[in-house]
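Just so you know, ligand 1 is whichever comes first in the structure, and atom 1 is the first atom listed for that ligand. What you are looking at is a predicted structure, and each value in this text was computed from that prediction instead of being measured.
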Amino acid sequence: MLSRKMTDALNGQINKELYSAYLYLAMSAWAENKGFKGFANWFHIQYQEETVHAMKIYHYLQEQGAAVALDAIQKPPSEFKTLLSAFEETLKHEQFITRSIHELVELALSEKDYATSIFLQWFVTEQVEEEANDNEIIGKLQMVGDKGHGLFMMDRELGGRKFEED
Ligand code: OFO
């Protein structure tokens with residue numbers, strides 16, 4: 001049985017994950033429009049992963065007999081200066097999500113809600129991976145700059161990313 005506070009906080013996290021999905025879909029559309037199909041593919045997969053994250057929490061609430069309450073999703077930006085700035089924004093957003101997940105863990109522990117604390121461990125690990133991926137791409141983009149052969153190669157590489165549920 002989840003507390004009211006925990007139920008509200010998990011519903012809030014569903015909204016944040018859905019905003020993440022929306023943000024990356026916007027980035028995917030922007031990248032495709034600029035002719036970067038590989039980057040668009042990477043962001044589209046990121047969008048799919050974020051909906052999976054939201055649905056994990058949705059199912060957990062259902063399993064615990066708690067009410068799912070969906071809120072409005074904030075409008076994402078539709079323009080980004082460069083690929084590098086889009087990834088810097090992605091990293092900043094993921095750092096915000098990491099803090100939010102950590103706050104949920106702290107709440108679960110303070111309430112001695114061990115089931116939720118264990119459930120959240122998957123998200124703690126996932127956030128380490130998300131930030132590492134963003135940092136790696138930012139590093140490469142800083143190396144190749146915003147034009148030329150290097151960028152073309154990166155677009156090809158990111159075009160090979162495949163969607164995996166977990
Ligand atoms: Fe759900 O990990 Fe990104 O936001």
(request) Report the relative orientation of the aromatic rings in Tyr60 and Phe119; use parallel for angles under 30°, tilted for 30 to 60°, perpendicular for over 60°. (result) parallel

(request) Report yes or no: does Gln127 have a heavy atom closer than 4.0 Å to ligand 1? (result) yes

(request) Measure from atom 1 (Fe) of ligand 1 to every N/O/S atom of Glu50 and report the name of the nearest one. (result) OE1

(message) Which atom name would you report as the N, O or S atom of Glu17 nearest atom 1 (Fe) of ligand 1?
(response) OE1

(request) May I ask you to check whether over 12 heavy atoms, not counting those of Met55, lie within 6.0 Å of atom CE? (result) yes

(request) For residues Ser117 and Leu109, report the shortest heavy-atom separation together with the two atoms involved. (result) OG-CD2, 3.7 Å

(request) Could you verify whether a donor N or O on one side chain and an acceptor N or O on the other, from Gln127 and Gln95, lie under 3.5 Å apart? (result) no

(request) Provide the atom name of the closest N, O or S atom of His53 relative to atom 1 (Fe) of ligand 1. (result) ND1

(message) Out of all atoms in ligand 1, which are within 4.0 Å of some heavy atom of Ser20? Include the element for each.
(response) 4 (O)

(request) Look only at interatomic distance and state if His93 has a nitrogen or oxygen under 3.5 Å from any nitrogen or oxygen of ligand 1. (result) no

(message) Parallel, tilted or perpendicular: which one describes the rings of His44 and Tyr47, with boundaries at 30° and 60°?
(response) tilted

(message) Checking contacts here: is it the side chain or the backbone of Glu94 that comes within 4.0 Å of ligand 1, counting heavy atoms only? Could be both or neither.
(response) side chain

(request) Find all atoms of ligand 1 within a distance of less than 4.0 Å from any non-hydrogen atom belonging to Glu130, and give their numbers and elements. (result) 2 (O), 3 (Fe)

(request) Report yes or no: do His93 and Ser20 form a side-chain donor-acceptor pair below 3.5 Å? (result) yes

